A.B. asks: 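Please see the structure below; I have some questions.
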Amino acid sequence: MPEGHTLHRLALDLSRDLAGAKLSVSSPQGRFDGVKTLNGKKLIDATAVGKHLFLNFKSAVVHIHLGLFGRFKRHANPPPDARPATRLRLLGPEHAWDLSGPTRCEIADKAQLEALRARLGADPLDPKATPETAWAKMHATSRAIGAVLLDQSVISGIGNVYRAEILFLLGIHPETPSREITRAKFDDLWALAASLLARGVKERRIVTTPAVPGKRATKATALYVYKRDRCRNCGGPIRKFKLGARTMFACETCQPKPKETKTRRARQRDE
DNA sequence: AGCATATGACGAA
DNA sequence: TCGTCCTATGCTC
């Protein structure tokens, strides 16, 4: 689940359960080296930027990136024995949170945090974020828009599911050169990303189809194109292909290819 | 039991 | 562009 909405949801939930408390911190797996520094220390809160999560202790900040496999599990206190792969266990008064499989989980100093922030593009979930830099970057490259949307230094928080769904909803073919996106389309994209991510935080999952009152979206109804065989809108076949090292899903009826300016790769593939 | 798969990102070449 | 790292799940045999 780890796209931007997951980390922002986690920041809220971790803050709700653990903020203000002195935590018992452990690493059943043994691969988190901040246990000594943090055990018994008070957590101020948890925050998120893009796909990065920060545990803000009074004395230090833990930087967590879930990568593809990282997960948090919540338990009531007292929690069950931790699985051996548990990298980090945070035990608060009422709840325990177990982290497994993260790409990153380390104490970060000021310089590291600053470098990270400098590297990340604007996060649509940040109410203070402005899209000007993202627009400038997007407008300045001929890379495929589908690849640019995964680039966390342009916009942070969008992952493989959101990129497919956002491009579908905007009717943009993923191989469209980024610089051909108009300012008006970009503004739509930014607003859509913000609203979908916010909805993801609220619903605790990615949902891009219209809400049906009284019904919860299921795996079968939540998305238009991602991992589907048929387009939820027109019923046509979904094309599945690699783009930016990940699997892209698109309906080429609802997302027509840009005219003449095919990418070189697309041309090669078609011949 | 074993294998394929996954919503991510990095470094080497 | 490829290999690599990290773990859990759900399939197939």
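We name chains A, B, ... by the order of the sequence lines, and we start the count at 1 in each one. Keep in mind that what you see is a predicted model, and the values were worked out from it rather than measured.
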A.B. asks: Once you round it to whole Å, what is the distance between P of B/dA9 and CD1 of A/I64?
C.D. replies: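 About 15 Å, once rounded to whole Å.
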A.B. asks: How many Å lie between NZ on A/K227 and P on C/dT9, as a whole number?
C.D. replies: 15 Å
A.B. asks: Under 4.0 Å between a side-chain N/O of A/H65 and OP1 or OP2 of B/dG8, yes or no?
C.D. replies: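 Answer is no, no contact under 4.0 Å.
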A.B. asks: Taking only N and O in the side chain of A/R119, is any of them less than 4.0 Å away from OP1 or OP2 of B/dC10?
C.D. replies: yes
A.B. asks: On the nucleotide C/dC6, are OP1 or OP2 found under 4.0 Å from the side-chain N or O atoms that A/Q29 carries?
C.D. replies: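 Answer no for this pair, as no side-chain N or O of A/Q29 is under 4.0 Å from OP1 or OP2.
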A.B. asks: Working to the nearest 0.5 angstrom, can you tell me the gap between A/H5 NE2 and A/Y162 OH?
C.D. replies: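 It is 4.5 Å, given to the nearest 0.5 Å.
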A.B. asks: Parallel, tilted or perpendicular, judged at 30° and 60°: which one describes the rings of A/H63 and A/H52?
C.D. replies: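 Answer is parallel, since the angle falls under 30°.
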A.B. asks: Give the rounded distance in Å between these two atoms: CG of A/L66 and C1' of C/dC6.
C.D. replies: 11 Å
A.B. asks: Could you tell me whether A/K137 atom NZ has more than 12 heavy atoms of other residues or ligands within 6.0 Å of it?
C.D. replies: yes
A.B. asks: Under 4.0 angstrom, heavy atoms only, what part of the nucleic acid is A/R104 near: base, sugar-phosphate, or nothing?
C.D. replies: nothing
A.B. asks: Using a 4.0 Å heavy-atom cut-off across all strands, classify A/R31 as base, sugar-phosphate, or nothing.
C.D. replies: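 Touches sugar-phosphate only.
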A.B. asks: CD of A/E106 versus P of C/dC6: gap in Å, rounded?
C.D. replies: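 After rounding, the reported distance stands at 14 Å.
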A.B. asks: To the nearest Å, how far apart are A/D151 CG and B/dG8 C1'?
C.D. replies: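 It works out to 13 Å between those atoms.
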A.B. asks: Can you figure out which of B/dG8, B/dA6, C/dT9 approaches the side chain of A/E3 most closely?
C.D. replies: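 Minimum distance to the A/E3 side chain belongs to B/dG8.
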A.B. asks: Which of these passes side-chain hydrogen bond (donor to acceptor under 3.5 Å, both in side chains) with A/R74: A/D98, A/D17, A/D13?
C.D. replies: A/D17
A.B. asks: Quick one: is A/K51 getting a side-chain N or O under 4.0 Å of the B/dT7 phosphate, OP1 or OP2?
C.D. replies: no
A.B. asks: For B/dT7 and A/R71 - does any side-chain N or O of the residue sit under 4.0 Å from the phosphate oxygens OP1/OP2?
C.D. replies: no
A.B. asks: Should the pair A/R228 and A/F168 be classed as cation-pi, given the thresholds of under 6.0 Å to the six-membered ring centre and 45° from the axis?
C.D. replies: no
A.B. asks: Checking contacts here: which listed nucleotide (C/dT9, B/dT7, C/dC6) is nearest the side-chain heavy atoms of A/K73?
C.D. replies: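 Nearest listed nucleotide: C/dT9.
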A.B. asks: So what does A/E165 hit on the nucleic acid, given a heavy-atom distance under 4.0 Å: a base, only sugar-phosphate, or nothing?
C.D. replies: nothing
A.B. asks: Check whether any side-chain nitrogen or oxygen of A/R246 sits under 4.0 Å from OP1 or OP2 of B/dG8, and answer yes or no.
C.D. replies: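 Yes, within the criterion.
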A.B. asks: Where the side chain of A/R83 is concerned, which of C/dA8, B/dT7, C/dC6 is the nearest nucleotide?
C.D. replies: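 Side chain of A/R83 sits closest to C/dA8.
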A.B. asks: Between B/dA1 and C/dC6, how far is it from one P atom to the other, in whole Å?
C.D. replies: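 Approximately 24 Å lies between the P atom of B/dA1 and that of C/dC6.
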A.B. asks: Nearest-Å distance, OH (A/Y162) to P (B/dA6)?
C.D. replies: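 Taking atom P of B/dA6 as the reference, OH of A/Y162 is at 19 Å.
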A.B. asks: What is the distance from CZ of A/R163 to P of B/dA6, rounded to the nearest Å?
C.D. replies: 13 Å
A.B. asks: Contact class for A/Y226 vs. all strands (heavy atom < 4.0 Å): base, sugar-phosphate, or nothing?
C.D. replies: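 It contacts sugar-phosphate atoms only.
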A.B. asks: Can you check the distance between C/dA8 and B/dC10, where both ends of the measurement are the P atom (answer in whole Å)?
C.D. replies: 23 Å
A.B. asks: Of A/A245 and A/F249, whose nearest nucleotide on DNA chain B comes first from the 5' end?
C.D. replies: A/F249
A.B. asks: On a whole-Å scale, what distance lies between the P atoms belonging to C/dC13 and B/dT5?
C.D. replies: 14 Å
A.B. asks: NZ of A/K242 versus P of C/dC2: gap in Å, rounded?
C.D. replies: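 In whole Å, C/dC2 P lies 10 Å from A/K242 NZ.
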A.B. asks: Please check if the number of heavy atoms outside A/E114 that lie under 6.0 Å from its CD is greater than 12.
C.D. replies: no
A.B. asks: Between C/dA8 and A/S100, is there an OP1 or OP2 to side-chain N/O distance shorter than 4.0 Å?
C.D. replies: yes
